[in-house]
Amino acid sequence: MVPLPPARSGDNSTADLTGVIRARRLKTWRRRLIAIGIVSALIALVAVAWFSPLLTLKKVQVSGSELIDTDTVSEFVLERQGDRPLPQVRPGAVEDSVLGEFPKAEAASVHYAGPRALKIDITDRTPVIAIEDDSGFRLYDSEAVDLGTVDTAPKKLTVLNGGAHQPDRETVAAVIRFMGDLRPELRRQLVTIEAEDAMSLKGRLDTGKQTATVVFGDSSDSSLKVRTAAQLAAEGRTEIDVSVPSVPVTD
C-alpha cells in the first residue's frame, strides 16, 4: 500500500478544497437548470402542437383494398377526425372506427404520414365462396360477411351452384362453414360446389391432373373429406363419395 503524503500546514489547502466543492455544485446546478429548461421547452412545444390549428388533420391516404372504395374511407376519417390537431388523433381509435364502418376490411393499419396527414393500409377479408345470382357473383368470407357482387368470379374461387333454385340461408351457411374450414390449397382444388340443401353438398374437384365429382354430404369434417377425395382422385377415381370420410365409396 502506498503511504499517504504527510498533512500540509500553513497553506490554503482548506480554502482551495472549499472552492472546488463550490465550483462543482455550481456546475451541477447549471446542468440541472439547463435540463429543466429543455424539458420545459419540450412541454411547451407539445402543448402548442396538441392544440394548434396549424396541425389539423387535412389528408388521409388509403391503400391496399380492392373491395372498398378508398376515397370513401378517406372521407369517412376526415369527417370524424378532420377538426382535430394530428397529435390528438389516436391511430388505434381510427382503426377501430374504420373496421366498424367497413366490414369488408379484415384489418386496418393507421400511421402518421407528416404533420397533417394519416396513412391507412387496409387488408381485405378473403372470400371463400362465390354464389351466382341475377346480378353476378356474390362473395362471402369464412365468417359469412357479404363482400359484395362482382361480374366475374375470381380465379380459383369455388362457385356455389344451387341448381334450378337459389339456395336458402341455411344452405349458404352450411357451404360457407364447409369452405371456411379448408386450407387455401384444398379450397383451390374445389372448383365448384353444389347444394340442394344443407345436408347434400357435392362438388367438382380438380387436382391439376385429374378431375372428379365428389359427394360430401353435410358440412362436417370438410378438410378430411377434401383430402380423402383428392387422394382418391390422384389414383384415377372420378366418382367419389366421402360423406362418411372413414369409409369412402368410389366408382
Side-chain angles (χ1 to χ4, degrees), residues 35-131 133 135-159 169 172-173 175-188:
I36 291 171
I38 292 173
V39 171
S40 299
L42 289 175
I43 292 174
L45 287 174
V46 170
V48 170
W50 185 264
F51 296 104
S52 175
L54 297 177
L55 296 179
T56 299
L57 178 63
K58 291 295 183 183
K59 182 179 179 181
V60 178
Q61 178 185 351
V62 184
S63 61
S65 178
E66 296 181 358
L67 299 176
I68 306 169
D69 181 64
T70 55
D71 290 338
T72 303
V73 179
S74 178
E75 292 169 3
F76 168 78
V77 174
L78 284 172
E79 181 180 340
R80 284 156 178 76
Q81 304 286 345
D83 60 342
R84 294 185 180 183
L86 193 63
Q88 295 186 31
V89 178
R90 295 167 50 205
V94 175
E95 291 172 4
D96 291 342
S97 66
V98 168
L99 293 178
E101 181 69 15
F102 301 96
K104 295 179 184 179
E106 183 175 28
S109 179
V110 179
H111 306 280
Y112 297 120
R116 308 180 74 177
L118 287 177
K119 186 177 187 303
I120 303 178
D121 295 315
I122 290 180
T123 302
D124 289 336
R125 289 180 176 270
T126 303
V128 299
I129 191 74
I131 300 176
D133 58 26
S135 57
F137 294 87
R138 187 166 294 279
L139 309 180
Y140 291 89
D141 78 340
S142 60
E143 297 179 1
V145 174
D146 186 343
L147 303 181
T149 302
V150 294
D151 294 332
T152 304
K155 292 182 178 180
K156 297 185 178 180
L157 183 65
T158 305
V159 176
R169 183 182 296 273
V172 171
V175 172
I176 291 174
R177 284 196 303 272
F178 185 91
M179 299 300 301
D181 289 339
L182 297 178
R183 297 195 306 272
E185 59 269 24
L186 293 176
R187 195 183 301 146
R188 286 192 291 268

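Between S65 and D124, the closest heavy-atom pair is OG-OD1, 2.7 Å. Here the closest non-hydrogen pair linking R84 and Q88 is NH1-O, 4.0 Å. The minimum heavy-atom distance between A108 and I120, with the atom names listed, is CB-CG2, 4.4 Å. Here the shortest heavy-atom pairing between M179 and V128 reads CE-O, 3.7 Å. The two residues P87 and Y112 have their closest heavy-atom pair at O-OH, 4.5 Å. Scanning all heavy atoms of the two residues, the minimum distance from A113 to L118 falls at CB-C, 4.0 Å.
Expressed to the nearest 0.5 Å, how far CZ of F102 lies from OG of S97 amounts to 8.5 Å. Note that CZ of F76 is 14.0 Å distant from CG of D69, once rounded to the nearest 0.5 Å. Note that CZ of R169 is 10.0 Å distant from CD1 of I176, once rounded to the nearest 0.5 Å. The line from CD of E95 to NE2 of H111 is 7.5 Å long, rounded to the nearest 0.5 Å.
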Worked check of side chain to side chain contact (heavy atoms under 4.5 Å, CB included) between V159 and F137:
CA-CA 8 Å; V159 176; F137 294 87; 3.9 Å; yes
For I129 and L139: C-alpha separation, side-chain torsions, deciding distance, then whether side chain to side chain contact (heavy atoms under 4.5 Å, CB included) applies.
CA-CA 6 Å; I129 191 74; L139 309 180; over 6 Å; no
Going through the checks in order, is the side chain to side chain contact (heavy atoms under 4.5 Å, CB included) test met by I122 and V62?
CA-CA 7 Å; I122 290 180; V62 184; 3.7 Å; yes
Assess whether side-chain hydrogen bond (donor to acceptor under 3.5 Å, both in side chains) is satisfied between D141 and T126, documenting all intermediate values.
CA-CA 6 Å; D141 78 340; T126 303; over 6 Å; no
Working note: V110 + K119, criterion side chain to side chain contact (heavy atoms under 4.5 Å, CB included); need CA distance, chi angles, decisive distance, verdict.
CA-CA 6 Å; V110 179; K119 186 177 187 303; over 6 Å; no
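Annotation: side chain of R188 is in contact with side chain of K156 (closest heavy-atom distance under 4.5 Å). Side-chain atoms of P127 and L157, non-hydrogen and from C-beta on, do get closer than 4.5 Å to each other. Within the 4.5 Å cutoff, the side chain of L186 has heavy atoms near those of the R183 side chain.
Between the side chain of R187 and the backbone N or O of L182 there is at least one donor-acceptor pair closer than 3.5 Å. No side-chain donor-acceptor contact under 3.5 Å links D121 to the backbone of G64. In terms of modelled atom types and a separation under 3.5 Å, the side chain of R138 and the main chain of A130 share no donor-acceptor contact. Proximity of a side-chain donor or acceptor of Y140 to a complementary backbone N or O of G148 within less than 3.5 Å is not detected. Remark: side-chain polar atoms of R116 are not paired, donor with acceptor, to backbone N or O of L57 under 3.5 angstrom. Remark: side-chain polar atoms of E106 are not paired, donor with acceptor, to backbone N or O of T123 under 3.5 angstrom. Side-chain atoms of S74 come within 3.5 Å of backbone N or O of V60 as a donor-acceptor pair.
Sparse packing is recorded around CD of E66, with 12 or fewer heavy atoms of other residues, nucleotides or ligands lying under 6.0 Å away.
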